[in-house]
Number of protein chains: 2
Amino acid sequence: MNVQNAQTWQGVQNEVLRRIHAREWKPGDLIPNEAELAKEFGCARPTVNRALRSLAERGLLERRRKAGTRVAAQPVAKATLNIAVIRHEVEDRGARYGYQLALREVRIAPTHISAALGVGVQERLLHVMALHLSNDMPYALEDRWINTVHVPGALEQDFRSISANEWLLLNVPYTRGEIAFAARPATAENAKHLNCPENSALLAVNRLTWDHDQSVTAVQVLFAPGHQMRTQI
Amino acid sequence: MNVQNAQTWQGVQNEVLRRIHAREWKPGDLIPNEAELAKEFGCARPTVNRALRSLAERGLLERRRKAGTRVAAQPVAKATLNIAVIRHEVEDRGARYGYQLALREVRIAPTHISAALGVGVQERLLHVMALHLSNDMPYALEDRWINTVHVPGALEQDFRSISANEWLLLNVPYTRGEIAFAARPATAENAKHLNCPENSALLAVNRLTWDHDQSVTAVQVLFAPGHQMRTQI
DNA sequence: CGTGTTTTTATGTATATACATAAAAGCATG
DNA sequence: CATGCTTTTATGTATATACATAAAAACACG
């Protein structure tokens, strides 16, 4: 038996991974149950459970009670992107971070924003636009609407030295959110701020966050042309 | 004490989440250790461990041995995108999937491809371009290079009825990969296939996969204009 | 022979306990 | 007082055990 030190859950996981990669267990195959694996590896069932659960979370195994555990037929690669505070993102790349407030106004929002935030169409909301810089070059343009009905404190902030991005994260909790990635052509205004040609292809990240049933903020972050978001799978 | 049924790890997790959201425990705060929480909730320490570990994986807590557990000062939102087989992606949206092979050739790859795949610049690789359709409309354009040195079997496939996307996933294992998201302007060729204006902003997903130390494939998937990738956080 | 009920079974989870390990803090020693 | 060793402590993990639960399979019954 080619069983290495599989007394730890990582050991079990490695051995299971090896068998999947070596196609000893093929996509779609039912694998032995936890008790059998525990016996084979000479460890306790919870140890096997920990290993298999973790692989299932990564999408490599599919588990169903009673039905057993099978190798995912077509594993769905899960790309986890870290959406950090933009300042940290810049600083982590070893660059100097800069910040410029471009606009701060309180006004009636476009209907797609008030609809997304679930507020009345006549509601006046806080609108903030800001440019994030990396080594003095435009890095990302943040276009944000804040639901001041739920976050009145935002009205007292001028967002000149701290970005809304950072202030909200520090001061306003949220329980859930939605995030969408898309490509968008730069508008004339985007182009002016990001210092790029109009209609450049920009990576756009749209976020909508909620605190229980109250919307908090809707934001679009447009990255300068050529920007990439990377991750391992 | 406002402690609900926290005898399960989900219960503990919910209560911890509530305290974080209610700012009873503020960002950066050190929270009580596992043993204390277990005592407070009237459950065993492993139950608390399970709850806190899971929250740490989601980025809401930061844990260090001996140092204790603290609420993440600036929680990094983790957006997990599911990168499935394109056919499934289309079918899951309730649309009719279509597939057209656009190109299949064996030739010397551009240097950025041979470099990425770690093969000699003179190596002839398999190049496949294919269009994925949703209800007969262009959905995504797949531009793929396959390392035939490591995956010779690919040469026997004509990829006319099954996409390289799907064939590889079913037949060639990989142990790790890299994925990058970006926005790109449509080239004349992209525009022709995707039936969109040249220079349209396209969402591009680039993947590079490896089986241990052997590269498998490098692929760029360009989605039709307006495409969004969404997820919850 | 189909349908509803019971049984079986595999995973899911909780617990008490024990030991491992990383790292901070304290202590000792030059 | 600085440096290196020791202790302490919080998390990390393993185990035996037990019970919960979902769902497939078997069964019974009209």
Indicate whether any N or O donor in one side chain lies under 3.5 Å from an N or O acceptor in the other, for A:N33 and A:E36. yes
Protein proximity profile, nucleotides 12-18 of chain C - base contact B, sugar-phosphate-only contact S, no contact -, cut-off 4.0 Å on heavy atoms: BBSBBBB
Not counting sequence neighbours, which residues clear side chain to side chain contact (heavy atoms under 4.5 Å, CB included) with A:A44? List them please. A:P46, A:T47
Under the rule for salt bridge (charged side-chain N to carboxylate O under 4.0 Å, His left out), what residues qualify as partners of B:E166, not counting sequence neighbours? B:R87
Applying salt bridge (charged side-chain N to carboxylate O under 4.0 Å, His left out), can you list everything that pairs with A:R23, at least two apart in sequence or on another chain? none
Starting at CG of B:N33 and ending at P of C:dA24, how long is that distance when rounded to a whole Å? 16 Å
Check side chain to side chain contact (heavy atoms under 4.5 Å, CB included) between B:H21 and all other residues, then give those that pass, not counting sequence neighbours. A:T175, B:L17
Would you sketch DNA chain D in dot-bracket for me? Only Watson-Crick or G-U wobble pairs with both distances under 3.5 Å count, crossing pairs as [ ], other-strand pairs as |, the rest as dots. ||||||||||||||||||||||||||||||
For A:P152, check side chain to side chain contact (heavy atoms under 4.5 Å, CB included) against everything at least two apart and list the hits. none
Less than 4.0 angstrom between a side-chain N/O of A:T69 and OP1 or OP2 of C:dA10, yes or no? no
Residues within residues 55-62 of chain B bordering DNA chain C, heavy-atom distance below 4.0 Å: none
Inter- and intrachain pairs under ring-ring contact (aromatic ring centres under 6.0 Å, His included), touching residues 51-92 of chain B, at least two apart: none
Results of salt bridge (charged side-chain N to carboxylate O under 4.0 Å, His left out) for B:E178 - residues two or more places apart only: A:R230
Give the rounded distance in Å between these two atoms: CG of A:L30 and C1' of D:dA24. 12 Å
Can you list every pair that meets salt bridge (Lys or Arg N to Asp or Glu O under 4.0 Å) and has a residue in residues 57-71 of chain A, with sequence neighbours left out? A:E34-A:R63
Any residue meeting salt bridge (charged side-chain N to carboxylate O under 4.0 Å, His left out) with B:D136, in chain and number order, not counting sequence neighbours: B:R96
